[in-house]
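Encoded as structure tokens, the structure appears first; notes follow it.
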Amino acid sequence: MVLAIGLATLMLLMLIVIGGPWFAHYGRISWRWPVGLTLVALTLILVGYQHLGSYSLVQQEALRQQEATRLNNMLDKQSSDPRLYRLQQRIRQSPDNGAGWFSLAQHYLYRNEFGDALIALQQAERLQGANAALDAARATIFYYQSGKKMTDEVTYWLQQSLTKEPLQYTALMLQASDQFTQGRYTEAIAIWQRLLESENPEVDRAVIIQALTLARMMQRAS
């Protein structure tokens with residue numbers, strides 16, 4: 001910033017030196033001259049400020065403070081929910097624990113508090129880095145936020161998740177559940193069968209077997 005102001009001052013002096021002979025010759029100065037100098041100086045200061053990166057740094061700091069405020073407000077939110085309180089306490093004790101933020105995001109999703117769920121998920125991603133589970137969680141949040149609609153945003157994050165991990169449990173379960181809800185039982189059965197036959201340790205076999213049984217019953221009845 002200091003360098004930018006110095007540059008602007010130097011340019012002003014140069015303009016005055018250049019304009020000096022003109023002023024001496026005509027004996028008067030137009031109102032356009034000081035206005036023009038002022039505009040040039042302001043432009044040079046702003047350009048120099050941005051060029052040096054100071055403006056960007058100020059913006060980044062403002063965003064960082066805004067994000068910190070949002071996170072603190074989330075952790076200070078009062079609730080009679082004992083699990084939410086435990087998760088908040090866990091994060092206060094270990095604020096750099098990405099798994100804790102991910103658990104908080106999942107709990108906010110369970111409570112249908114989608115905005116807070118996304119904020120917690122973003123913090124988990126900052127700490128852990130992007131991965132298939134986080135992408136699937138983001139897709140799930142957007143899915144329920146949209147009223148259980150497979151929007152372009154939901155589809156995008158599902159694709160991101162399954163590209164990283166083709167048998168990602170949450171992503172495939174969301175796909176299968178949506179197919180079932182839409183009455184596309186054959187497609188739902190195929191996804192659940194694929195999960196059942198996989199070696200994914202996250203798979204809850206009892207849940208999937210129940211889902212398959214119900215889907216086949218609905219398929220026969222339709």
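A quick note: this is a predicted structure, and the numbers were derived from the prediction, not measured.
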If hydrophobic clusters are built from ILVMFWY residues whose side chains come within less than 4.5 Å, do Ile119 and Leu87 share one?
yes
Non-neighbouring partners of Gln175 that pass side chain to side chain donor-acceptor pair (under 3.5 Å), sequence neighbours left out:
none
Name all pairs fulfilling the salt bridge (Lys or Arg N to Asp or Glu O under 4.0 Å) condition that reach into residues 142-164, sequence neighbours left out, sorted by first residue then second.
Asp135-Lys164
By the salt bridge (Lys or Arg N to Asp or Glu O under 4.0 Å) test, which pairs, at least two apart or in different chains, include something from residues 89-107?
Asp76-Arg92
ring-ring contact (aromatic ring centres under 6.0 Å, His included) pairs touching residues 75-105, sequence neighbours excluded, are none
Heavy-atom side-chain contact between Leu162 and Leu172 under 4.5 Å:
yes
For Ser222, side chain to side chain donor-acceptor pair (under 3.5 Å) partners two or more places apart
none
Where do Ile141 and Ala117 come nearest, in terms of heavy atoms and distance?
CD1-CB, 3.7 Å
Which atom names give the shortest non-hydrogen contact between Gln128 and Gly98, and what distance separates them?
NE2-C, 3.3 Å
If you take all heavy atoms of Leu134 and Gly129, which pair is closest and at what distance?
CD1-O, 3.4 Å
Under 3.5 Å donor-acceptor, Ser198 side chain and Leu195 backbone
yes
Going by the salt bridge (Lys or Arg N to Asp or Glu O under 4.0 Å) test, which pairs reach into residues 102-112, not counting sequence neighbours?
Asp81-Arg111, Arg111-Glu113
Decide whether Leu174 and Tyr169 are clustered together by the hydrophobic rule: side chain heavy atoms of Ile, Leu, Val, Met, Phe, Trp, Tyr closer than 4.5 Å, transitively.
no
Those residues at least two apart in sequence (or on a different chain) that pass side chain to side chain donor-acceptor pair (under 3.5 Å) with Arg86 are none
I want to check something: taking the side chain as every heavy atom from C-beta on, are Leu118 and Tyr108 in contact at a cut-off of under 4.5 Å?
no
Could you tell me which non-hydrogen atom of Ala132 sits nearest to which non-hydrogen atom of Ser161, and how far apart they are?
O-OG, 2.8 Å
Listing, residues 187-194 side-chain donor-acceptor contacts under 3.5 Å, not counting sequence neighbours, or none:
| residue | atom | partner | partner atom | Å |
| --- | --- | --- | --- | --- |
| Gln193 | OE1 | Arg216 | NH2 | 3.0 |
| Gln193 | NE2 | Glu197 | OE2 | 3.0 |
| Arg194 | NH2 | Pro166 | O | 3.3 |

Could you state the interatomic distance from CG (Leu127) to CD (Gln122), rounded to the nearest 0.5 Å?
12.0 Å
For residues 199-209, which side-chain donor-acceptor pairs fall under 3.5 Å, sequence neighbours excluded?
| residue | atom | partner | partner atom | Å |
| --- | --- | --- | --- | --- |
| Asn200 | OD1 | Glu202 | N | 2.9 |
| Asn200 | ND2 | Leu167 | O | 2.7 |
| Asp204 | OD1 | Ala206 | N | 3.3 |
| Asp204 | OD1 | Val207 | N | 3.3 |
| Arg205 | NH1 | Leu196 | O | 2.9 |

Can you hop from Phe142 to Phe114 via hydrophobic side chains spaced under 4.5 Å?
yes
Which pair of non-hydrogen atoms, one from Thr170 and one from Gln168, has the smallest distance, and what is that distance?
N-OE1, 2.9 Å
Applying ring-ring contact (aromatic ring centres under 6.0 Å, His included), name anything that partners Tyr185, two or more places apart in sequence or on another chain.
Phe180
Which residue pairs pass the side-chain hydrogen bond (donor to acceptor under 3.5 Å, both in side chains) test when at least one of the two sits in residues 137-147, sequence neighbours left out?
Glu125-Arg138, Tyr143-Asp178
How would you list, by chain and number, every residue that makes a ring-ring contact (aromatic ring centres under 6.0 Å, His included) with Tyr110, sequence neighbours excluded?
His107
Would Ile91 and Gln123 count as a side chain to side chain contact (heavy atoms under 4.5 Å, CB included) if you check the C-alpha gap in whole Å, the side-chain angles of each, and the deciding distance to 0.1 Å?
CA-CA 11 Å; Ile91 291 173; Gln123 184 66 3; over 6 Å; no
